[in-house]
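Reminder, nothing fancy here: chain letters follow the sequence lines and each chain counts from 1.
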Amino acid sequence: MIMDNIPEKGAGGALTDVVKIEYLKPENAEFISRNGFISLKVLKPAADQAADQAEDQTADQAEDQTADQATDQAAGPAAETGPEEYDRVFLHRCFPNELTEEYISVLDRDNNEIGVIRNITDFPEDAQELLRKELVRKYHVTPIKAIRSVNEKYGYSYWKVKDGAGDREFTVRDTYRSITKISEDRISVTDVDGNRFEIPSLKALDPGSRKKIDMFL
Amino acid sequence: MIEISKFRQEAKNALLSRGLREDDIVVFAETDMVTDLNYATVYLVLTEDRLCVIEGQTEIGGKPGKLNRRDAVHRTFSETGYREYDFTVPEKIPEGECGTGAEESDRSGDEADGKTDRGIEELSVEELISCGYLCAKIHGTPERIAAMSRTAMRDVRLFVKYAGKYLDDRSVETDEEDFKDDRFCPKCGNRYPDPDRKICPRCMEKTKIYKRLMQFSKKYRFQMLAVLLSLAALSALGVIAPYVSTSFFYDKVLAPGSKWYAHIAFAIVMIIGLRFISALVSALSGVISARVSGHVTYDLKRTIFSAIQRLSLSFFTARQTGGLMNQINNDANTIYWFFCSGVPEFLKNAVQLIAVFVILFVMNPLLAAATAVIMPLFAYSVWRVYRRMTTLHQRRYVSSRSMNSALSDALSGFRVVKSFAREKEETERFDKRSRRLAGDSRTVTIFNNTALPLTSFIMYLSNVVVWALGGWMVISGFGGMTYGKLMAFIAYVTLMNEPMFMFVDMIYWFSDCTNAAGRLFEIADAEPDVREREDPVILGEMKGHVEFRNVEFSYDKSKKVIDGDSFDVEPGQTLGLVGHSGAGKSTLANLLMRLYDVTGGEILIDGVNIKDLSFAELRRNVGIVSQETYLFVGTIMDNIRYARPEATFEEVLTAAKISGAHDFIVKLQDGYDTKIGFGYKDLSGGERQRLSIARAVLLNPKILILDEATAAMDTQTERRIQEALTELSKGRTTIMIAHRLSTLRDAEKLVVIEEGKVQETGTHSELLRHKGIYSKLYTLQLEALRNIGVEE
C-alpha cells in the first residue's frame, strides 16, 4: 500500500511536459550591471512572447477561465520579435533554506516573474559575480557569534548577542515561533521588527551561548 | 526642518562640521546601516540643493546600565564617511521665471514625474529579506545611497515620502499621523516588544495593576473571605496539633507527677479529635474552594468574553483567534488563582509563618534565633535545586506541545494522510516527537527522584541543627528545655518549611498573574473603533437609497484600499460591483455594514450618514450574504433563525425555499432539526451557502448585499437560486458582487472597481459600448464559457 513501485516522477509521467517554466540561460538571457543594479535582456521566440501577454491578461481578469482557451484568440496580432529589455530586475531564491544559487526567480519591477535561473553557474563568470553579489546582498542577515543573555519576561524575550562587529540587542515576540530551524545545525531568529539574525552553526557556538538558547530549541 | 528621527546634539555637531546649519536642513532622518550592510549611524540630510549622507559610529558613554534612558547618556559621533549628491535643478525649469509659480511647478511636478529635471528621481526603499536600501536615481544614474535594518525602515520610508514631496513641489507640509511614533515606551525609551500592545514590561506599573485587581476583587470579597476563613481554621488547627501530640503528650501525660499523668486515653482522644476536626475542616474548605472556583472562573470568563464581543472586527483581524481562545481560558484561571488561592494562601502562610515564629520564640528564644538564621539558608539552597527543575519541566512542556501538535495535525488531516498513503511517515513523525518527550520525561523523573531526596536531606539537616542544639539544651537543662518541648519545637520548625517554599513559588505565580491581568485590562480598556452614536437618528421606514460619497478606507495607514469612491443606488434597484479579486468590493460591503468605519468621505442611507443610525436599525435593514458562510453549532432551524429568533415555522420554510435550501433539508432524516456545525452533520459548500442565504432572506432587509452568494454552487443550482434572488430583490435595494458577470447582467447599474477606485459606471449595455475594462472582462468570460460548451 505504500508507493513502492511507482517511478520517481510520479505515476503520471514527467510534469515538466505539462507546463513550461521559462528558464533563463546564457543563450536567451544577458544580465548587465548598471552601477551595481541588474538589468536584463531576454530573447524570446515570437510565439512565446505573444502567448505570455495573453496569459497575463487572462490570468488576471478571468479566474474561472483557463489560459489555454484564451490564447487561441489572443495570439493573433502580437508578433513582434527582438530582445525584451528590463532596466532593473530582482532576484529571489525559490528555496532559500536549501539552495542558495539554484532556482533563482527573476522578477521585474512589478514582481512579475520573467523567468527562473536553474543554476547561476550556468552563466559566464562576470554575470555569476553580479548575480551572486546581488543575492548575498538581498539575503544578508546578521550573524550571531555568541549569545550574552536571553531574558524572558512576560512572553517576550530580550536578547543580547555578539555579531561580527559588536554587541547588539533585540527583542523577540513569541520566542518559540520566532526561532526557525533552517537545518539541524542552523537557526534563524526574527525580532519584532522583522530583522533576522542567524546562528550559522549551533555546534560551533560556545557552550555558554548554547546553554542560553537550549531551552527554546 | 522636518525632523523624522531625533535631531540630537551629536548629529547637530556632525552636520555643522560639514557646514550644514540647522536652518539649511529640510528633511532629517537617521538610519543604522551603511551600504555594505554593516551597522553604523548614518544621517540622511536633505537641503535645498543637496542630499547628504554622513556615515559614522556613535559611542555611547555615561554609566553602564543607564543605556535605557536614551537621552540621559553622553553620545559622541565620529564620522567615517561623507557623500553628497548635488541635485541642483537644471535652469530650463521655469521656476525662477514666475515668482509665484505654484501651479507652474505643480504641473511640472506632475508631468515630470520620473523625468530628469528634478535632479533626483525615484527615491525609494528597496526591501531585502532582513534589511533594506535607500535607492535613488541622481541625474540619471541609479545609486544605493544608504542601508537600513528593519528597525530604521520606518524612518527611512518617511524620509523618502517627505523628501519626495519636497522635490515635487517644495512642500514642507507634514502629516501629524506620521510622527506619532508610538513604538517606544515614553517612559524608558525602549521598544514595545509587541507593536500592537502598548505595554512595556519594564515599566509596567505593577502596583497599579494590583491595585486595579484588588478593586476588581471587591466583587469576590465574600468568596475570598470564605476561603480565607476555612484556611485560617485549618492553619489554626495545624498550629495546635503539634503541641498536643508532642509537648503536651510527653511533658504532661507521660511525666510522672503532672496533672494529666497517665490519662493516656484522654490524650489519645484529644489527639484523634483534633485530627478528626482538622480533616472535617479541610473537607469543608475544599468544598468552599470548589464552589467559589466554579463561580469565579465562570464570572471571569464571561467578563472577558463580553469585553471581547464589544470590540470591532478590526480587533479580531489583528489577533489570532487561537490566541484569544487561550487567553479567555488561561487568563481566567490565572486570575482566579490570584483571588481565590493566591491571596488567601499568601495570607494564610504569612500568618502561619509569623505565628510559628512567635510560638518558637516564646518556647525558647535562643533556639528560635538559631533557627531564624539557619532556615533561610537552607531554603535558598533548596530553591536553587528547584530552579533547575523548572528548566527541565519547561523543556518537557515544549516537547509535549510539539508532540501534541503533531498528533492533532495528523488526526485532523487524516483524510489527506490516507489519500496520499503517508501513514508510515506520519507514524514516524509522531514517533520521533513522542520519543523526545519520553526522553525529557525520563530526565525530569530522574531529576525528581534524585533532587527530592536531596532537598529533603537538606531540610533534614536544618532539623539536625535544631536537634543538636536542642538536645544539648535538654541534657544540660539550659533554658528550661525539656524533651517534649524539643519535640514540639521540631514539629513547629517543620511547619515553617511549607510557607517558605510557598513564597519562593509565589514570585513566579505573581508574575503570571500580572501578565494575565494586564491582558484582561487591556481588553477591558480597548475602545471599539466602530461606535454607536448616543442619540441615533430614527429613520422609521427605510426607503433604501444608498449613496457612497468620496469614500476612503485603509486597514493600516500605508495603503488606501478604497480611494475616493462615489456612486449611488436608487431604492429598489440593483447595483452590481465588478472587479478583480482584491479590488475592494467586499470591503465596500463591510463598510456599508459598518463592520469597519470609513476613514474618509461618508456613506448615506436615505440621505442619513450611517454613522448616525443605531446599530439595531442599520443591521435590521441591511442584510448580507457573504463568501464566508459560518454556521454555528445547533440545528438548521437555529441557524436560519439566527438573525430573527422570533420567526415562525412558516417564515423559516419560505426563506429556505427561496434560497433553495428547502430541497436538501427535507432529504435529511431530521429535517430542519438536523444538528449541524463543528462535530455534527457535514454540509457541502453549496448547502452551507444556501443556508446563509436563507438566513439573510429571513431577516427580510430593505437593503440586501450579495457578496459572491452563489459562488460555491453548480451552474444549475445557481441559476435556480439566481431566479429566486432576482424575484427577492424586487422592491429592495440590492448590491451584488459576483465573479460571473452574467449574473449581473440585469442590474440597473454596474460599477467597475480597480485597485480601490471606481473606473467605470453604467448599465451592462452602456459599458459594453464603452469598450473599457468591463467589456473586455465580459467578452473574455463569454469566450471561456463558449469554449467549455456553455451558452449564456
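- Neither the backbone nor the side chain of A/Phe170 comes within less than 4.5 Å of any heavy atom of chain B.
- Of the possible donor and acceptor atoms, one in the side chain of B/Arg144 sits under 3.5 Å from a partner among the backbone N and O of A/Gly36.
- Only the side chain of B/Arg436 comes within less than 4.5 Å of a heavy atom of chain A; its backbone N, CA, C and O stay farther away.
- What you find for B/Pro142 and A/Phe37 is that their closest heavy atoms are C-CE1, 3.5 Å.
- Distance OG/B/Ser149 to CZ/A/Arg168: 9.0 Å, rounded to 0.5 Å.
- Put simply, the side chain of A/Asp193 does not reach to within 4.5 Å of the side chain of B/Arg154, judged on heavy atoms.
- Looking at B/Thr151 and A/Asn195, their side chains do bring a donor and an acceptor atom within 3.5 Å of each other.
- What you find for B/Ser130 and A/Arg196 is that their closest heavy atoms are OG-N, 2.7 Å.
- Within the 4.5 angstrom heavy-atom criterion, only side-chain atoms of B/Glu126, from C-beta onward, approach chain A.
- Residues from residues 131-144 of chain A that place a non-hydrogen atom less than 4.5 Å from a non-hydrogen atom of chain B comprise A/Glu134, A/Arg137, A/Lys138, A/Tyr139, A/His140, A/Val141, A/Thr142, given in numerical order.
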